[in-house]
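Accompanying notes for the structure given below.
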Amino acid sequence: MTMVNAFRPENAAGLDEAERALVARRERVLGPAYRLFYEHPVHVVRGEGVWLYGPAGERYLDVYNNVPSVGHCHPAVVEAVSRQSATLVSHTRYLHEAILDTAEALAATMPPELSQVMLTCSGSEANDLAYRIASVHTGGTGVIVTANAYHGVTAAVSAFSPSLGFPDGRPPHVRVVPAPDPTLDAAAAGARFAGDVAAAAVDLAGAGIRPAMLIVDTIFSSDGVIPGPRGVLAPAAEAIRAAGGLFVADEVQPGFGRTGDGLWGFSRHGVVPDLVTLGKPMGNGYPVAGIVFRPEVAERFGRRMRYFNTFGGNPVAAAAARAVLRVIADERLVDNARDVGAHLAARLRELAAGNPRLGAVRAAGLYLGVDVVDPSTGAADPAGAAHIVNALREARILISASGPAGNVLKLRPPLPFARAEADYFADVLGSVLPPA
Ligand SMILES: Cc1ncc(COP(=O)(O)O)c(C=O)c1O
């Protein structure tokens with residue numbers, strides 16, 4: 001499937017010699033599956049806070065990357081990782097405090113029902129494990145996902161990631177439902193979403209398939225960034241449970257404070273999932289991910305299967321995750337996400353009010369989506385979005401686009417993003433918008 005904001009190799013002629021050489025080396029050694037962002041790819045050599053730096057020292061404002069969530073190369077995380085790397089690197093088959101400290105700290109951030117933790121190396125692995133656990137617990141294999149969801153790369157998980165496309169058709173055990181409608185109020189959107197989930201479960205049952213889980217990215221990032229309405233997920237969680245499946249909240253995108261009201265996206269919806277999956281921002285760049293779950297859902301899995309993941313939960317990974325949680329608390333990054341996110345959303349709404357190329361602005365903390373639309377028809381305008389993304393890149397500001405049509409500007413800066421940086425971003429966005 002075509003990726004939004006992908007570099008096209010036929011444009012390589014426009015690059016300088018050093019960039020062309022790097023692109024050629026990538027093609028030679030990495031093969032055809034990798035993609036670069038932007039018409040003019042960005043070469044970065046260093047990061048600090050909310051800034052990335054190119055080889056000549058030129059700096060880019062990072063309004064996109066949620067992995068270095070507490071800021072690029074945050075000294076406290078670097079220190080924790082370096083100290084643990086210099087002390088002990090092992091695995092989870094020896095007694096060691098690091099994984100316990102991190103698991104306890106993580107569980108303490110969740111509702112009390114979610115009290116157990118397993119660690120993996122990536123969000124894909126976390127979702128893969130969640131699916132295995134849900135299948136064993138429910139005796140089912142069916143998965144319900146939203147129409148343009150992305151949950152990861154393993155064979156099992158890519159099979160329920162419709163945004164990758166279904167090259168061989170939709171797998172028989174997968175059903176897709178439309179993401180919640182952000183234009184409705186919570187009651188109407190929640191009822192519609194739950195109704196769609198219930199109907200998908202009935203359809204699975206009609207095909208002789210028991211549902212294992214409904215899994216949702218609680219900010220619906222690849223469905224176009226849909227943070228609300230608040231409460232929209234609760235009825236759907238009930239619907240999947242009534243059909244015998246589990247409700248899995250994929251927090252890989254919104255988790256660790258980004259939404260600005262608590263650490264987890266699901267908490268905005270008044271629902272306690274059966275299982276939560278974590279990733280990206282968890283180690284500020286160190287590959288650490290995992291799941292947090294109700295003990296009862298993994299009981300049968302644990303009796304029938306053992307779990308070992310060579311790198312997952314190693315002391316360095318655990319130290320990285322522990323440091324990230326500490327920095328979020330010490331630097332009050334959830335409050336910052338809420339305050340700066342609200343300010344940025346207000347600035348963007350002002351811009352949208354004055355330029356019909358910008359449509360709805362949807363935001364929760366420092367996760368924002370802005371629709372780019374055709375000024376005369378109001379229809380989704382992916383070419384317009386690509387133009388803006390690339391114009392900002394030339395102004396050394398990094399964002400990308402998402403959504404089923406690829407027309408939603410996706411803004412997701414590191415959490416220490418300051419009000420001044422939000423203003424700078426809004427000013428430059430205003431200056432690159434073509435007149436309506
Ligand atoms: C919602 C969501 N879930 C899971 C994943 C997979 O995580 P990873 O790339 O760490 O395997 C992603 C990655 O983009 C994601 O956006």
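Residues: numbered from 1 along the sequence shown. Whatever order the structure lists ligands and atoms in, that order sets their numbers, starting from 1.
For the pair Asn66 (side chain) and Ser69 (backbone), a donor-acceptor distance under 3.5 Å is absent. Judged by distance alone, with hydrogens and angles left aside, the side-chain atoms of Thr102 form a donor-acceptor pair with the main-chain N or O of Ala318 at under 3.5 Å. Asn127 contributes a side-chain N or O that, together with a main-chain N or O of His151, makes up a donor-acceptor pair within less than 3.5 Å. Using modelled atom types, one side-chain atom of Asp381 and one backbone atom of Gly384 make a donor-acceptor pair closer than 3.5 Å.
With sequence neighbours excluded, no residue forms a salt bridge (Lys or Arg N to Asp or Glu O under 4.0 Å) with Glu104.
The protein residues lying under 4.0 angstrom from ligand 1, judged by non-hydrogen atoms, are Ser122, Gly123, Ser124, Asn127, Tyr150, His151, Gly152, Asp217, Asp250, Val252, Gln253, Lys280.
Counting heavy atoms from C-beta outward, Asp274 and Phe293 have side chains that stay 4.5 Å or more apart.
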